[in-house]
Amino acid sequence: MRSYRCALRPGQGPDAGKIWATNLDKGTVLRIPILPGGRAETTRVTATGLTGIDDFAFTGHGDQIIAALNAVNQVALIRPDGTRTTVLTAADGLQGPTSLALRGDTVHVMSAAYLTAQDPNLVLARLGN
């Protein structure tokens, strides 16, 4: 069984009407354009090598996203070209981050501690420019 998380890219412009998804099994971020009438166009892989990618959110800076990488206890900032920077780690209190949300420039990361079953928590961080 494959595990996917999805988000519809809201708004106007060239990315309106595209579905973005993560594939946990393959560690990828996918972009699926939707044609008029609701049919899907060819899926494009926008980022790879994201071990344990679970949830993600758009940062408000174009196609840049921030993603929870459950298996490696990290949160990564992923740029439109697929490059990434690790922005939070286990040293910041992460234990199996499973979901995240942005409110303004504050990132809320649910650290579920599935494997350790100790100290599940909510990590808060500021998103810089």
Side-chain angles (χ1 to χ4, degrees):
M1 182 172 98
R2 289 204 168 116
S3 177
Y4 295 93
R5 292 276 182 137
C6 297
L8 178 62
R9 182 77 167 130
Q12 306 281 325
D15 274 336
K18 294 181 176 56
I19 294 175
W20 289 70
T22 62
N23 182 323
L24 176 71
D25 298 333
K26 294 189 176 193
T28 56
V29 176
L30 311 168
R31 180 176 167 238
I32 309 161
I34 304 301
L35 298 169
R39 285 192 356 222
E41 222 178 288
T42 303
T43 299
R44 182 173 67 104
V45 176
T46 62
T48 61
L50 299 163
T51 303
I53 189 167
D54 201 347
D55 196 20
F56 69 100
F58 292 98
T59 65
H61 299 283
D63 291 343
Q64 179 177 270
I65 63 173
I66 192 161
L69 307 179
N70 191 333
V72 293
N73 294 320
Q74 296 177 351
V75 170
L77 182 69
I78 304 166
R79 294 171 202 81
D81 65 0
T83 60
R84 68 179 178 275
T85 301
T86 300
V87 293
L88 293 171
T89 68
D92 299 302
L94 295 180
Q95 284 192 69
T98 56
S99 60
L100 50 80
L102 281 168
R103 181 172 183 154
D105 65 351
T106 302
V107 182
H108 300 78
V109 183
M110 174 50 91
S111 195
Y114 280 134
L115 299 177
T116 64
Q118 295 182 18
D119 192 30
N121 58 57
L122 178 66
V123 175
L124 300 179
R126 293 267 181 231
L127 183 65
N129 291 333

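Note: hydrogens, waters and symmetry copies are ignored here, and every other heavy atom, side chains too, is used.
Of all the heavy atoms in V75 and A68, the pair that sits closest is CG2-CA, 4.5 Å. Counting all heavy atoms, side chain and backbone alike, G27 lies closest to I53 at CA-CG2, 4.0 Å.
Between atom CG of residue D63 and atom CD1 of residue I78 there is a gap of 12.0 Å, rounded to the nearest 0.5 Å. Taken from NE2 in H108 to CG in L102, the straight-line distance is 9.0 Å, to the nearest 0.5 Å. Note: I65 CD1 to R84 CZ = 11.0 Å, rounded to the nearest 0.5 Å. Taking NZ of K18 as the start and OG1 of T43 as the end, the distance is 12.5 Å to the nearest 0.5 Å. The distance from the CG atom of L69 to the CG atom of D54 is 9.0 Å, given to the nearest 0.5 Å. The distance from atom CZ of R31 to atom OG1 of T46, rounded to the nearest 0.5 Å, is 8.5 Å.
Counting only distance, with no hydrogens or angles, the side chain of S111 and the backbone of N121 share no donor-acceptor pair below 3.5 Å. Side-chain N or O atoms of N73 include one that pairs as donor or acceptor with a backbone N or O of G96 at under 3.5 Å. With T48 contributing its side chain and T28 its backbone, the two residues share no donor-acceptor pair below 3.5 Å. N70 contributes no side-chain N or O that, together with a main-chain N or O of G52, makes up a donor-acceptor pair within less than 3.5 Å.
Among residues at least two apart or in separate chains, salt bridge (charged side-chain N to carboxylate O under 4.0 Å, His left out) pairs with a member in residues 92-106 are D105-R126.
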Cut-off 3.5 Å, no hydrogens considered: what does the side-chain donor-acceptor table look like for residues 33-41, sequence neighbours left out?
none

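Remark: aromatic rings of F56 and W20 are distant, center separation not under 6.0 Å.
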Check your understanding: Could you go step by step and tell me if L94 and V109 meet the side chain to side chain contact (heavy atoms under 4.5 Å, CB included) rule?
Key -> CA-CA 8 Å; L94 295 180; V109 183; 3.8 Å; yes

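Side-chain heavy atoms closer than 4.5 Å link hydrophobic residues (I, L, V, M, F, W, Y) into clusters, and following such links, even through other members, never connects M110 to L100.
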